[in-house]
Peer 1: 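This is the structure, below, for whatever I ask next.
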Amino acid sequence: MPLHAVEITLTRPATPGELRRATQAMALAPDADRTRLMTVAWEKTARKALQRTRARLEHLLPIDILTTHYPDSTGSVLVNVALPERVHAWLADAARREGCSTEAHLTAAVHRALARAEHDRARRLDAALDELLTWSTPHQLLAAAARTINHITTSTQGAPGC
């Protein structure tokens, strides 16, 4: 069976006692502020890995969202969210009206939201560049961008060798 990396996002930092009890149920690696954890699950599918991880830990930790840590062969990351019953019912009703499954309806809604966010980012970047070009030339702007990118790439590399 394949091994799946699962990222767990909590609604609040886990207490030391919660972490201790949860690590008895399965191996976990918490981040420094104890709001995100990583684990691995041996399951046939990534979907089953998320479901089983939630089932094993939901009574031990304040789980918000589970995701596959690595994209699948289509580039998708699976998300597992426990929705309140009334929200689930509303989504199921909306999906029925559109003639699709609840999962397909929610997936389409997430994709639309991501596309809107990307469009908004591009619009803000275009506006910022237009403003910069009102008081600089394209050559000056390109040179400044190159300096910034160079600074970022050189400052993230390790310390110089001996």
Peer 1: Can you establish whether the number of heavy atoms outside R36 located under 6.0 Å from its atom CZ is more than 12?
Peer 2: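 No, because the 6.0 Å sphere around CZ of R36 holds 12 heavy atoms or fewer from other groups.
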Peer 1: Closest heavy-atom contact between V77 and P71?
Peer 2: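 Here V77 and P71 meet closest at CG2-CA, 4.0 Å.
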Peer 1: Side chain of T67, backbone of V79: donor and acceptor closer than 3.5 Å?
Peer 2: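 Flag not set: sc T67 to bb V79 has no pair under 3.5 Å.
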Peer 1: Hey, does the side chain of D31 reach the backbone of T35 with a donor-acceptor pair shorter than 3.5 angstrom?
Peer 2: yes
Peer 1: With L57 as reference, evaluate L10, L37, L66, I8 under the side chain to side chain contact (heavy atoms under 4.5 Å, CB included) test and give the passing residue.
Peer 2: I8
Peer 1: Does H105 use its side chain to pair, donor to acceptor, with the backbone of L91 at less than 3.5 Å?
Peer 2: no
Peer 1: If you group Ile, Leu, Val, Met, Phe, Trp and Tyr by side-chain heavy-atom gaps below 4.5 Å, do V110 and I65 land in one group?
Peer 2: no
Peer 1: CG of L50 to CD of E7: how many Å apart, nearest 0.5 Å?
Peer 2: 11.0 Å
Peer 1: Nearest 0.5 Å please: distance from the OG1 atom of T45 over to the NE2 atom of H4.
Peer 2: 6.0 Å
Peer 1: Do L28 and L61 have side-chain heavy atoms sitting under 4.5 Å apart?
Peer 2: yes
Peer 1: With heavy-atom distances below 4.5 Å as the criterion, would you say the side chains of L142 and H139 are in contact?
Peer 2: no
Peer 1: Distance from H111 atom NE2 to L106 atom CG, nearest 0.5 Å?
Peer 2: 10.0 Å
Peer 1: Between R56 and A25, is there a donor-acceptor pair closer than 3.5 Å when you use the side chain of the first and the backbone of the second?
Peer 2: yes
Peer 1: Does T68 use its side chain to pair, donor to acceptor, with the backbone of L78 at less than 3.5 Å?
Peer 2: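 Yes; judged by distance alone, with no hydrogens or angles, the pair exists.
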Peer 1: Going by the rule side-chain hydrogen bond (donor to acceptor under 3.5 Å, both in side chains), which residues pair with T74 if we only count those two or more places apart in sequence or in a different chain?
Peer 2: D72, S76
Peer 1: Flag yes if W42 and V6 sit in one hydrophobic cluster, no otherwise; membership is Ile, Leu, Val, Met, Phe, Trp, Tyr, and two members link when side-chain heavy atoms are under 4.5 Å apart.
Peer 2: no
Peer 1: Of all residues at least two apart in sequence or in a different chain, which pass the side-chain hydrogen bond (donor to acceptor under 3.5 Å, both in side chains) check with E58?
Peer 2: none
Peer 1: Please check if atom CD in Q140 has more than 12 non-hydrogen atoms from other residues, nucleotides or ligands closer than 6.0 Å.
Peer 2: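 Check passes, neighbour count above 12.
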Peer 1: Let me confirm one number: the CZ-CD distance from R21 to Q24, rounded to the nearest 0.5 Å.
Peer 2: 8.5 Å
Peer 1: Nearest heavy-atom pair of A49 and A41: which atoms, and what distance?
Peer 2: CB-CB, 3.8 Å
Peer 1: Say whether V40 and M26 are linked into one hydrophobic cluster, either directly or through other cluster members, by side-chain heavy-atom distances under 4.5 angstrom.
Peer 2: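 Shared cluster, no.
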Peer 1: Is any side-chain heavy atom of R97 less than 4.5 Å from a side-chain heavy atom of D93?
Peer 2: yes
Peer 1: State plainly whether one hydrophobic cluster holds both Y70 and M38, where clusters connect Ile, Leu, Val, Met, Phe, Trp and Tyr through side-chain heavy atoms under 4.5 angstrom apart.
Peer 2: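 Cluster IDs for Y70 and M38 differ.
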Peer 1: Distance from R123 atom CZ to L125 atom CG, nearest 0.5 Å?
Peer 2: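 The distance works out to 11.5 Å.
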Peer 1: With rounding to the nearest 0.5 Å, note down the distance linking CZ in R54 to CZ in R52.
Peer 2: 15.0 Å
